Trainee: 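So that we are looking at the same thing, I have put the structure below in structure tokens.
Note that the coordinates shown come from a computational prediction; the quantities given were computed from them, not determined experimentally.
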Amino acid sequence: MSAPTASARPSPRRGPAHTAVRAVLNEVAVSGRFISNDVWTTVLPATAFVLAAALSSGHTGGRLAADFLRGAVYFWLYIYGFTLTNQLYGVEEDRVNKPFRPLVTGRSSYRGAQRRAAVVLLVFPLLAWWFGVLLWALIWEATYLLTNVARWERHWFIKNLSMGIGVTVQLAAAWSLVTPLTGTAWRWILTLAVSIWLLIPLQDLRDVEGDVVNGRRTFPIALGEKFTRGYLALGFAVLPLVVHMLLLRPTDSPLVWGLDAVLAGLSWLVTIRVLVLRKPEQDHVTYRRFEQWYTLSLIAAILAL
């Protein structure tokens, strides 16, 4: 009898370790689909602030890498819990505003998203306790449960305020993952949190149609699109002065001054776009510029602090 050919040989058995690795990689991929629209506002900028805290504390080598890894894991879960609850309670709205999201496309089942939300609600504060930032994690979970699940976000003031709180606890946790908060750290945190709180109505210009369908009273719906665009244009025109005077002026690094100029350019680009480009898809791109401004401002913190 001839020996079996290579193609006829049975494939090697997959052990439990292989199965576990595949399951973990699958969950990472699923979570990536849920948070894909929010990475620029959470994982990237907050981890940059972790690095700013680490470098200002003199951390190098393996300790710096450990700081980075803790920040990346923490802020991945930070935004994952928010997006799961937000999307679980916003499927119909997402069919209009964000049809690419997993629950709309069918790439995740509703029941599967519910289970994942429950797990993250438990795992995230446990991880925060281990990392020494439990208070900030609990404030964040309470904030997004009230806004997403209790539906407090249906009124523009609560929705916008929750974003300001989110930035505050995000950046406070980022710094505290590495070292105790300082007056300088708080100046950065509060300047950015108040700026986001006041200018976040930009996010709602692209979603007016879906928000009307779902009975949400966002800033542009409540106060009118014309007023909103004028308000935002003024805010973004003034923003570079605020950032320069409160955050970047104390430094004398040419690179920081260069980033200061780029941040000003992005702000003024948003000012022009919000007045001139008024279609939903154009407003979406304009909001992306704001997200990039936020990330770049925290990259500047690495060099300025």
Trainee: Out of curiosity, L247 CG to R187 CZ, how far, rounded to the nearest 0.5 Å?
Mentor: 6.5 Å
Trainee: The test is side chain to side chain contact (heavy atoms under 4.5 Å, CB included); show your working for L298 and L171 and say whether it passes.
Mentor: CA-CA 10 Å; L298 288 163; L171 298 183; 3.8 Å; yes
Trainee: Under the side chain to side chain contact (heavy atoms under 4.5 Å, CB included) rule, what do T168 and I139 come out as? Steps first, then yes or no, please.
Mentor: CA-CA 10 Å; T168 302; I139 294 173; over 6 Å; no
Trainee: Kindly give the heavy-atom pair with the smallest separation between G235 and L199, and that separation in Å.
Mentor: CA-CD2, 3.8 Å
Trainee: Show your reasoning for whether side-chain hydrogen bond (donor to acceptor under 3.5 Å, both in side chains) applies to Q292 and R289.
Mentor: CA-CA 5 Å; Q292 290 157 8; R289 300 292 87 82; 2.8 Å; yes
Trainee: For the pair F236 and T286, evaluate side chain to side chain contact (heavy atoms under 4.5 Å, CB included) and give the outcome as yes or no after the intermediate values.
Mentor: CA-CA 12 Å; F236 279 101; T286 303; over 6 Å; no
Trainee: Examine V208 and M163 and state if one hydrophobic cluster contains both, with Ile, Leu, Val, Met, Phe, Trp and Tyr joined whenever side-chain heavy atoms are less than 4.5 Å apart.
Mentor: no
Trainee: What's the shortest heavy-atom distance between L277 and D283, and which atoms?
Mentor: O-OD1, 3.4 Å
Trainee: So do the side chains of N37 and R101 get within less than 4.5 Å of each other, counting heavy atoms only?
Mentor: yes
Trainee: Please check if the side chain of R249 supplies one atom and the backbone of H244 the other of a donor-acceptor pair under 3.5 Å.
Mentor: no
Trainee: Under 4.5 Å between side-chain heavy atoms, counting indirect links through other Ile/Leu/Val/Met/Phe/Trp/Tyr residues: same cluster for L51 and L305 or not?
Mentor: no
Trainee: Report yes if some heavy atom in the side chain of T41 is under 4.5 Å from a heavy atom in the side chain of Q203; otherwise report no.
Mentor: no
Trainee: Is the F219-F157 ring centre distance short of 6.0 angstrom?
Mentor: no
Trainee: State plainly whether one hydrophobic cluster holds both L241 and W257, where clusters connect Ile, Leu, Val, Met, Phe, Trp and Tyr through side-chain heavy atoms under 4.5 angstrom apart.
Mentor: no
Trainee: Out of curiosity, K226 NZ to L275 CG, how far, rounded to the nearest 0.5 Å?
Mentor: 11.5 Å
Trainee: Only one of V169, V167, V194, L181 clears side-chain contact (heavy atoms from CB on, under 4.5 Å) with I189; which?
Mentor: L181
Trainee: Report yes if some heavy atom in the side chain of E141 is under 4.5 Å from a heavy atom in the side chain of L121; otherwise report no.
Mentor: yes
Trainee: Within this structure, what is the CG-OH distance for the pair L223 and Y231, rounded to the nearest 0.5 Å?
Mentor: 9.5 Å
Trainee: Can you see which heavy atom on G112 is nearest to which on S109, and at what distance?
Mentor: N-OG, 2.9 Å
Trainee: Quick check against the 3.5 Å criterion: does S57 have a side-chain atom that pairs as donor or acceptor with the backbone of H59?
Mentor: no
Trainee: List the atom of P201, the atom of N160, and the distance in Å for their closest heavy-atom pair.
Mentor: CG-ND2, 3.6 Å
Trainee: Would you mind reporting whether S267 and W293 have side-chain heavy atoms less than 4.5 Å apart?
Mentor: yes
Trainee: Please check: side-chain N/O of T191 versus main-chain N/O of W188, any donor-acceptor pairing under 3.5 Å?
Mentor: no
Trainee: Indicate yes or no for a side-chain donor-acceptor contact from T295 to the backbone of W40 under 3.5 Å, with no hydrogens or angles considered.
Mentor: yes
Trainee: Look up atom OG1 in T83 and atom CD1 in I35, then write down how far apart they are to the nearest 0.5 Å.
Mentor: 6.5 Å
Trainee: State the CD1-OG1 distance between I165 and T143, to the nearest 0.5 angstrom.
Mentor: 4.5 Å
Trainee: Can you find a heavy atom in the side chain of Q170 that is under 4.5 Å from one in the side chain of I79?
Mentor: no
Trainee: Under 6.0 Å from the CZ atom of R288, do we count more than 12 heavy atoms belonging to anything else shown?
Mentor: yes
Trainee: If only atom types and distance count, is the side chain of S108 paired as donor or acceptor with the main-chain N or O of P102 below 3.5 Å?
Mentor: no
Trainee: Does the side-chain hydrogen bond (donor to acceptor under 3.5 Å, both in side chains) test come out yes or no for T218 and D204, once each step is laid out?
Mentor: CA-CA 7 Å; T218 60; D204 298 318; 4.6 Å; no
Trainee: Applying a strict under-4.5 Å side-chain criterion to I, L, V, M, F, W and Y, I'd like to know whether L145 and L126 cluster together.
Mentor: no
Trainee: How close do L103 and Q87 get, heavy atom to heavy atom, and via which atoms?
Mentor: CD1-O, 3.5 Å
Trainee: Taking atom CZ of R107 as the centre, report whether more than 12 heavy atoms of other residues, nucleotides or ligands fall under 6.0 Å from it.
Mentor: no
Trainee: Which heavy atom of Y78 sits nearest a heavy atom of G166, and at what distance?
Mentor: OH-O, 2.7 Å
Trainee: Is any side-chain heavy atom of P125 closer than 4.5 Å to a side-chain heavy atom of L134?
Mentor: yes
Trainee: How long is the straight-line distance from OG1 of T228 back to CD of E225, given to the nearest 0.5 Å?
Mentor: 7.5 Å
Trainee: Who are the side chain to side chain contact (heavy atoms under 4.5 Å, CB included) partners of V30, not counting sequence neighbours?
Mentor: N26, R33, F34, Y80, R116
Trainee: So, for W175 and F49, is the gap between ring centers shorter than 6.0 Å?
Mentor: yes
Trainee: For E209, does the CD atom sit with more than 12 other heavy atoms under 6.0 Å from it, leaving out its own atoms?
Mentor: no
Trainee: Over 60° means perpendicular and under 30° means parallel, so tell me whether Y144 and W140 are parallel, tilted or perpendicular.
Mentor: perpendicular
Trainee: Are V178 and F131 close enough that some pair of their side-chain heavy atoms sits under 4.5 Å apart?
Mentor: no
Trainee: Hey, which of L88, L84, T85 is the one that makes side-chain contact (heavy atoms from CB on, under 4.5 Å) with N148?
Mentor: T85
Trainee: Do the side chains of D207 and K98 get nearer than 4.5 Å, heavy atoms only?
Mentor: yes
Trainee: Would you confirm whether R70, through its side chain, and V50, through its main-chain N or O, come within 3.5 Å as a donor-acceptor pair?
Mentor: no
Trainee: What do you reckon, is CH2 of W130 surrounded by more than 12 foreign heavy atoms closer than 6.0 Å?
Mentor: no
Trainee: Could you go through W152 and L161, starting from their C-alpha distance and side-chain angles, then the distance that decides it, and tell me whether this counts as side chain to side chain contact (heavy atoms under 4.5 Å, CB included)?
Mentor: CA-CA 11 Å; W152 286 14; L161 180 61; over 6 Å; no
Trainee: In the single-linkage hydrophobic clustering (I, L, V, M, F, W, Y; side-chain heavy atoms under 4.5 Å), do F82 and L127 co-cluster?
Mentor: yes
